[in-house]
Amino acid sequence: MELDKSEIIQLPKIFDKRGNLSIIEGVNHIPFKIERTYWIYDVPGGEIRGGHAYKQNQEFIVALSGSFDVGLDDGRVRKTYSLNRSYYGLYVPKGTWRQMQNFSTNSLALILASIRFDPDDYIYDYAIFTKIIKEKTI
Ligand code: TYD
C-alpha cells in the first residue's frame, strides 16, 4: 500500500544563536532526486489546495512557516498529517491522493518534487484514481 511509504522525516537542524539552519539534500535526506521546487503562499483562510494524485511524481512537503494539514489517501486508507515545523517534512509517495488545508495566516509550504511539471501526471478525478488503484496500473 502506497500510504505505508508516507512518512514524516526529521531534517537536520543546526542550532545557532545567530539563527537556526536546516537542510534538505535530495536522495540523502529524502528518498528521491529533486527535479523541481515550488511553494504555496498567500493562501486565503479556508482554502484547500491539491485535491489530486500524481501517477509518478513523489513529493516532500515542508511548512517553512506557519502550519497546515496534508490529507493523504491511497484509495484504501486515509491519513492526515499536520505540519508546523520547518525541520520536519512529509514524504508523499507516488500514486497518492493529496489535499492541503487549514493553512494558518502567512503560512509557507515548500514542496520538492521528483519530476518536472507534467500535466499528464495528474489525476484530478477521485473515481478514476480509485479505479486505477484497483486495477493496479500506477
Ligand atoms: P496544482 O498542482 O493544481 O496546485 P495545487 O495542487 O497546490 O492546488 O497547480 C496549480 C496551477 O499551477 C496549475 O495550473 C498548474 C500550475 N503549475 C505549474 O505550471 N507548474 C508546477 O510545477 C505546479 C506545481 C503547478
Side-chain angles (χ1 to χ4, degrees):
M1 237 184 288
E2 291 300 330
L3 212 50
D4 293 340
K5 297 180 191 153
S6 72
E7 61 170 331
I8 294 284
I9 295 174
Q10 184 168 2
L11 301 165
K13 182 175 182 182
I14 313 294
F15 290 92
D16 195 313
K17 57 179 184 300
R18 302 170 299 162
N20 299 326
L21 181 153
S22 284
I23 307 145
I24 306 170
E25 289 177 351
V27 184
N28 185 9
H29 302 115
I30 60 175
F32 59 84
K33 186 169 172 283
I34 300 161
E35 283 292 333
R36 178 167 50 110
T37 303
Y38 63 98
W39 48 100
I40 295 173
Y41 54 100
D42 293 345
V43 180
E47 281 297 341
I48 296 175
R49 301 285 320 209
H52 52 66
Y54 304 111
K55 294 174 201 160
Q56 293 302 326
N57 189 35
Q58 306 165 61
E59 289 188 331
F60 187 69
I61 305 176
V62 184
L64 281 188
S65 181
S67 62
F68 51 85
D69 296 335
V70 185
L72 301 184
D73 178 342
D74 65 5
R76 299 176 186 89
V77 179
R78 287 182 187 177
K79 201 164 175 180
T80 300
Y81 291 91
S82 293
L83 297 179
N84 56 14
R85 293 281 182 272
S86 61
Y87 52 91
Y88 283 106
L90 174 63
Y91 171 64
V92 182
K94 71 181 173 94
T96 309
W97 189 270
R98 78 136 171 87
Q99 185 168 298
M100 297 168 69
Q101 60 205 18
N102 298 330
F103 288 88
S104 67
T105 306
N106 291 329
S107 57
L108 171 57
L110 174 74
I111 301 158
L112 308 177
S114 67
I115 65 170
R116 290 175 66 171
F117 179 66
D118 177 5
D120 292 337
D121 193 52
Y122 280 77
I123 306 167
Y124 284 110
D125 184 322
Y126 188 77
I128 291 175
F129 169 68
T130 50
K131 188 169 176 284
I132 289 173
I133 291 291
K134 282 199 188 87
E135 291 166 359
K136 291 193 169 58
T137 50
I138 52 171

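Counting starts at 1 for both ligands and their atoms, in listed order. Atom set for the values below is all heavy atoms of this structure, side chains included, hydrogens, waters and symmetry mates excluded.
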Problem - Nearest protein heavy atom under 4.0 Å from atom 10 (C) of ligand 1, yes or no - result: yes

Fill in the blank from the handout: shortest atom 24 (C) of ligand 1-to-protein heavy-atom contact is with Arg36 NH1, 3.3 Å

Practice task
Give the contacting part of Ile40 toward ligand 1: side chain, backbone, both or neither, where contact means a heavy-atom distance below 4.0 Å.
Solution key: side chain

Exercise for the section: For a side chain to side chain contact (heavy atoms under 4.5 Å, CB included) with Ser22, tell me which candidate from Lys13, Arg85, Gln10 qualifies. Expected result: Lys13

Practice task
Please check if the side chain of Arg78 supplies one atom and the backbone of Asp73 the other of a donor-acceptor pair under 3.5 Å.
Solution key: no

Problem - Heavy-atom protein neighbour under 4.0 angstrom from atom 13 (C) of ligand 1 - result: no

Problem - Interatomic spacing from CD1 in Ile48 to CE in Met100 - rounded to 0.5 Å - result: 12.0 Å

Exercise for the section: Would you confirm whether Asn102, through its side chain, and Phe68, through its main-chain N or O, come within 3.5 Å as a donor-acceptor pair? Expected result: no

Handout entry: Polar side-chain atom of Asn57 near backbone of Ser114 as donor-acceptor pair, under 3.5 Å
Key = yes

Practice task
Identify which of Phe117, Tyr38, Trp39, Tyr124 has a heavy atom lying nearest to atom 17 (N) of ligand 1.
Solution key: Phe117

Handout entry: Closest protein heavy atom to atom 1 (P) of ligand 1, given as residue, atom name and distance to 0.1 Å
Key = Tyr122 OH, 3.8 Å

Completion exercise
Note: Met100, heavy atoms under 4.0 Å from ligand 1, region reported as neither

Problem - Contact check: Gly50 vs ligand 1, nitrogen or oxygen atoms, below 3.5 angstrom - result: yes

Exercise for the section: State whether the side chain of Asn84 and the backbone N or O of Ser67 hold a donor-acceptor pair below 3.5 Å, judged by distance alone. Expected result: no

Fill in the blank from the handout: atom 4 (O) of ligand 1: closest protein heavy atom, distance to 0.1 Å, is Arg49 NH2, 3.1 Å

Handout entry: NZ/NE/NH1/NH2 to OD/OE distance under 4.0 Å, Glu47 and Arg49
Key = no

Practice task
Give the residue and atom name of whichever protein heavy atom lies nearest to atom 6 (O) of ligand 1, and the separation in Å to one decimal.
Solution key: His52 NE2, 2.4 Å

Handout entry: Residues Glu59 and Arg98 bridged, charged N to O under 4.0 Å
Key = yes

Handout entry: Any N or O of Tyr54 closer than 3.5 Å to N or O of ligand 1
Key = no

